[in-house]
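Ligands are counted one by one from 1 in listed order, and the atoms in each one are counted from 1 as well. Scope of the values below: all heavy atoms of this structure, side chains included, with no hydrogens, waters or symmetry mates.
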Amino acid sequence: MELLNGKQTSLEIQEGLKNQVEKIVSEGKRAPHLAAVLVGDDGASKTYVGAKVKACERVGFNSTEVILPAETSQDELIKRIEELNQDDEVDGFIVQLPLPDHIDVEAITNAIKPSKDVDGFHLINVGKLMKGQPTFVAATPLGILELMKHYNIDTEGKNCVIVGRSDIVGTPLSVLMSRKKYPGNATVTLCHTRTNNLKEMTLQADILVGAVGSPNYISGDMVKEGAVVVDVGITRVPDETKKSGFRLVGDIEFEGASAKASYITPVPGGVGPMTIAALLLNTMHAYNRDFYP
Ligand code: NAP
């Protein structure tokens with residue numbers, strides 16, 4: 001079994017971006033700029049935004065955090081988004097999810113200018129993804145593809161079973177893994193709460209992805225011998241032995257699954273850091289105007 005080391009791979013991608021930024025700046029141009037909007041004070045969201053800002057600093061991107069109170073109205077948030085849309089110094093930005101209940105997530109993601117939508121959530125970018133056109137791919141699925149590329153994981157003709165069909169992870173990943181290119185050309189099964197006999201499905205998986213949000217939900221006996229196992233799940237589980245009071249647990253029971261897997265992502269240190277690397281890659285695309293010249 002080999003670990004799919006997302007932390008290391010992410011740092012290597014960041015090193016490559018850092019070199020590109022140094023070249024850009026040495027030519028007298030400004031560095032790429034990523035902004036992140038955070039509404040409210042959800043602890044996990046603050047941690048994720050903090051990690052994104054830190055990664056920007058590491059590669060030499062400019063970064064801005066826009067922190068708004070939980071009571072911010074939808075109209076106020078859209079006004080702030082419009083300012084970022086207009087700001088020529090900002091190449092791309094994200095609005096960290098989840099948002100408070102009084103805000104319509106769709107209205108917010110679709111208020112972001114598609115050419116700055118580095119999270120790839122805007123309808124236009126989702127549509128482009130469906131059509132196989134160049135676009136911003138949501139950071140977590142993109143990070144998973146980058147990790148597969150890094151380890152030369154063979155995907156062609158493989159059975160890829162994804163558990164979880166969210167808009168931001170499972171569904172876009174299912175589209176990407178079935179595309180006629182590498183990584184892709186897999187035969188994809190997308191599972192969810194209405195799937196019958198989940199274990200029968202997962203046991204067919206040459207590539208198994210857990211994106212459920214339920215700690216250790218997929219046990220070792222649900223994993224096929226030799227499978228490539230990708231665990232997207234991150235749940236904070238109370239743990240008094242930790243300074244933070246919690247530990248992060250994936251969807252896939254690591255000990256049992258790693259005894260069967262050919263490759264497996266750890267949690268933490270697997271998909272999470274790759275998501276950050278992918279967001280930086282998207283920001284570089286936004287800066288270079290690769291998709292929206
Ligand atoms: P989500 O929007 O809550 O979607 C969860 C999906 O799992 C749904 O499609 C749901 O099915 C399915 N599901 C839930 N319980 C199930 C069960 N018992 N059997 C089969 N399917 C089940 O979650 P998400 O946003 O995709 O996130 C999933 C996990 O990934 C979370 O732990 C999240 O924190 C983590 N995550 C990590 C990263 C990262 O960077 N590593 C990024 C994003 C998310 P239905 O559609 O039928 O309800």
Starting from [atom], which protein heavy atom do you reach first, and at what distance in Å?
{"atom": "atom 12 (C) of ligand 1", "result": "Gly164 CA, 3.9 Å"}
{"atom": "atom 34 (O) of ligand 1", "result": "Ile234 O, 3.2 Å"}
{"atom": "atom 21 (N) of ligand 1", "result": "His192 C, 3.2 Å"}
{"atom": "atom 31 (C) of ligand 1", "result": "Gly213 CA, 3.5 Å"}
{"atom": "atom 30 (O) of ligand 1", "result": "Val232 O, 3.5 Å"}
{"atom": "atom 47 (O) of ligand 1", "result": "Thr193 OG1, 2.4 Å"}
{"atom": "atom 5 (C) of ligand 1", "result": "Val212 O, 3.4 Å"}

Select one of side chain, backbone, both or neither to describe which atoms of [X] lie under 4.0 Å from any atom of ligand 1, heavy atoms only.
{"X": "Val169", "answer": "side chain"}
{"X": "Thr275", "answer": "side chain"}
{"X": "Ile168", "answer": "side chain"}

* Is the Phe136 ring parallel, tilted or perpendicular to the Tyr292 ring (thresholds 30°, 60°)? -> parallel
Heteroatom proximity flag, [X] to ligand 1, N/O under 3.5 Å:
{"X": "Tyr217", "value": "yes"}
{"X": "Arg165", "value": "yes"}
{"X": "Ser166", "value": "yes"}

Could you tell me whether atom 27 (O) of ligand 1 has a protein heavy atom closer than 4.0 Å? no
Under 4.0 Å, counting heavy atoms only: does [X] come that close to any atom of ligand 1?
{"X": "Ser214", "answer": "no"}
{"X": "Thr140", "answer": "yes"}
{"X": "Cys191", "answer": "no"}

*State, yes or no, whether a side-chain contact exists between Asp87 and His33 at a heavy-atom distance under 4.5 Å.*
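No, too far: nothing below the 4.5 Å cut-off.
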I'd like to know if [X] and [Y] make a salt bridge, using a cut-off of under 4.0 Å between side-chain N and carboxylate O.
{"X": "Glu27", "Y": "Lys23", "answer": "yes"}
{"X": "Lys54", "Y": "Glu57", "answer": "no"}
{"X": "Lys224", "Y": "Asp206", "answer": "yes"}

Under 4.0 Å from a heavy atom of Ala211: which atoms of ligand 1 are those, numbered in the order shown and with their elements?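 So the answer, numbered in order with elements, is 5 (C), 6 (C), 7 (O), 28 (C).
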Atoms in ligand 1 flagged as close to Gly272, the criterion being non-hydrogen separation under 4.0 Å:
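Once the distances to Gly272 are compared, the set is 40 (O), 41 (N).
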Check your understanding: Between Asp290, Asn282, Asn125, which is the residue that forms a side-chain hydrogen bond (donor to acceptor under 3.5 Å, both in side chains) with Thr135?
Key ->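 Answer after filtering Asp290, Asn282, Asn125: Asn125.
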Verify side chain to side chain donor-acceptor pair (under 3.5 Å) between Thr47 and Arg236, making sure each step is shown before the conclusion.
CA-CA 12 Å; Thr47 306; Arg236 289 181 168 197; 3.2 Å; yes
What pair of heavy atoms forms the shortest contact from [X] to [Y], and how long is it?
{"X": "Asp251", "Y": "Pro215", "answer": "OD1-N, 4.4 Å"}
{"X": "Gly143", "Y": "Met274", "answer": "O-CE, 3.4 Å"}
{"X": "Arg80", "Y": "Val66", "answer": "NE-CG1, 3.6 Å"}

Quiz prompt | Side-chain donor-acceptor contact under 3.5 Å, Glu82 with Gln86 | solution =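 No, because no side-chain N or O of Glu82 sits under 3.5 Å from a partner of the opposite role on Gln86.
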Look only at the side chain of Asp117 and the backbone of Gly120, and say whether a donor-acceptor pair between them is shorter than 3.5 Å.
-> yes
